[in-house]
Amino acid sequence: MPHSSQAIDGVTEQQFGSIAGFIDSTLVADLRNRLLECHEQGLMKPAGIGKDSSYNQNHKVRGDEIFWLDKENHPVEKAFLERVESLISYLNQTCYTGLNGYEFHFARYKPGSFYRRHLDRFKTDSGRVFSLICYLNENWTPEDGGQLILHLPDQQVTVVPVGGQAVFFKSNEVEHEVVEAHRERLSIAGWLKRN
Ligand code: OGA
Ligand code: MN
């Protein structure tokens with residue numbers, strides 16, 4: 001699986017990796033349609049922050065709406081989660097990462113929303129080892145905003161949320177933020193876990 005080894009080299013040598021074709025364009029389109037269907041059915045809920053949801057009142061920290069993926073929900077969610085499982089097997093075989101779980105949600109940022117600088121790993125939950133974000137947007141350009149900025153010790157990396165692209169980094173080390181999106185921004189975000 002060449003895409004995975006590329007990402008692993010990135011994560012070990014520079015704290016993050018990016019995988020240009022983590023999922024193919026058909027699966028990107030199917031996942032995008034599934035996300036929009038969840039939105040239309042009212043299944044997407046405003047995201048909270050850790051265990052204290054009052055902290056995010058008026059969406060001061062993050063403005064996305066989320067829906068957790070489950071293999072039982074829909075075949076396309078199952079297809080994505082199976083892709084994640086094959087990445088986990090690869091990581092465990094090649095890097096002895098001992099990963100034994102995961103959790104992923106769809107995320108929809110309506111125009112004007114953002115996610116301020118943060119770390120993904122809660123103090124009370126040490127299970128999150130790697131963060132993995134996969135974008136579902138069609139024809140995204142830098143003018144659309146919504147970039148992911150990774151704050152690494154010696155540089156900032158800017159990622160444009162182009163459909164099919166995945167980004168991968170250590171959950172407890174890399175602070176990051178999503179700058180304001182000027183159009184609807186669609187993604188899957190989640191964590192590879194070790195409990
Ligand atoms: C997150 C997050 C980044 C992105 O959901 O925790 O940081 O690019 N997402 O969507
Ligand atoms: Mn995050």
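Each ligand, and each atom within it, is numbered from 1 in the order the structure gives. Heavy atoms only: backbone and side chains are in, while hydrogens, waters and symmetry mates are out. We're numbering straight along the sequence, starting at 1. Just so it is clear, the structure is predicted and the values come from calculations on it, not from any experiment.
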Can you give each donor-acceptor pair under 3.5 Å made by side-chain atoms of residues 146-154, sequence neighbours left out, with the distance rounded to 0.1 Å?
| residue | atom | partner | partner atom | Å |
| --- | --- | --- | --- | --- |
| Gln147 | NE2 | Pro142 | O | 3.3 |
| His151 | ND1 | Arg117 | NH1 | 3.4 |
| His151 | NE2 | Glu177 | OE2 | 2.7 |

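- With sequence neighbours excluded, the residues satisfying side chain to side chain contact (heavy atoms under 4.5 Å, CB included) with Glu173 are Gln15, Lys170.
- In this structure, Glu103 pairs ionically with Arg128, as a charged nitrogen and a carboxylate oxygen lie closer than 4.0 Å.
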Distance dump, ligand 1 polar atoms to protein, N/O, under 3.5 Å:
| residue | atom | partner | partner atom | Å |
| --- | --- | --- | --- | --- |
| ligand 1 | 6 (O) | His118 | NE2 | 3.3 |
| ligand 1 | 6 (O) | Asp120 | OD1 | 3.1 |
| ligand 1 | 7 (O) | His118 | NE2 | 3.2 |
| ligand 1 | 7 (O) | His176 | NE2 | 2.9 |
| ligand 1 | 8 (O) | Tyr135 | OH | 2.6 |
| ligand 1 | 8 (O) | Arg185 | NH2 | 2.8 |
| ligand 1 | 10 (O) | Arg185 | NH1 | 2.9 |

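- With hydrogens and angles left out, the side-chain atoms of Tyr102 and Glu85 include a donor and acceptor closer than 3.5 Å.
- Arg32 and Glu138 are joined by a salt bridge, as a carboxylate oxygen and a charged side-chain nitrogen come within less than 4.0 angstrom of each other.
- Excluding waters, the count of protein N/O/S atoms less than 2.8 Å from the Mn ion (ligand 2) comes to 3.
- Under 4.0 Å is where a charged nitrogen must lie from a carboxylate oxygen, and between Glu77 and Lys71 no such pair does.
- Around CD of Gln41, the count of heavy atoms belonging to other residues, nucleotides or ligands within 6.0 Å exceeds 12.
- Aromatic pair Phe168/Phe130: centroids less than 6.0 angstrom apart.
- Ring-centre distance between Phe169 and His176: below the 6.0 Å cut-off.
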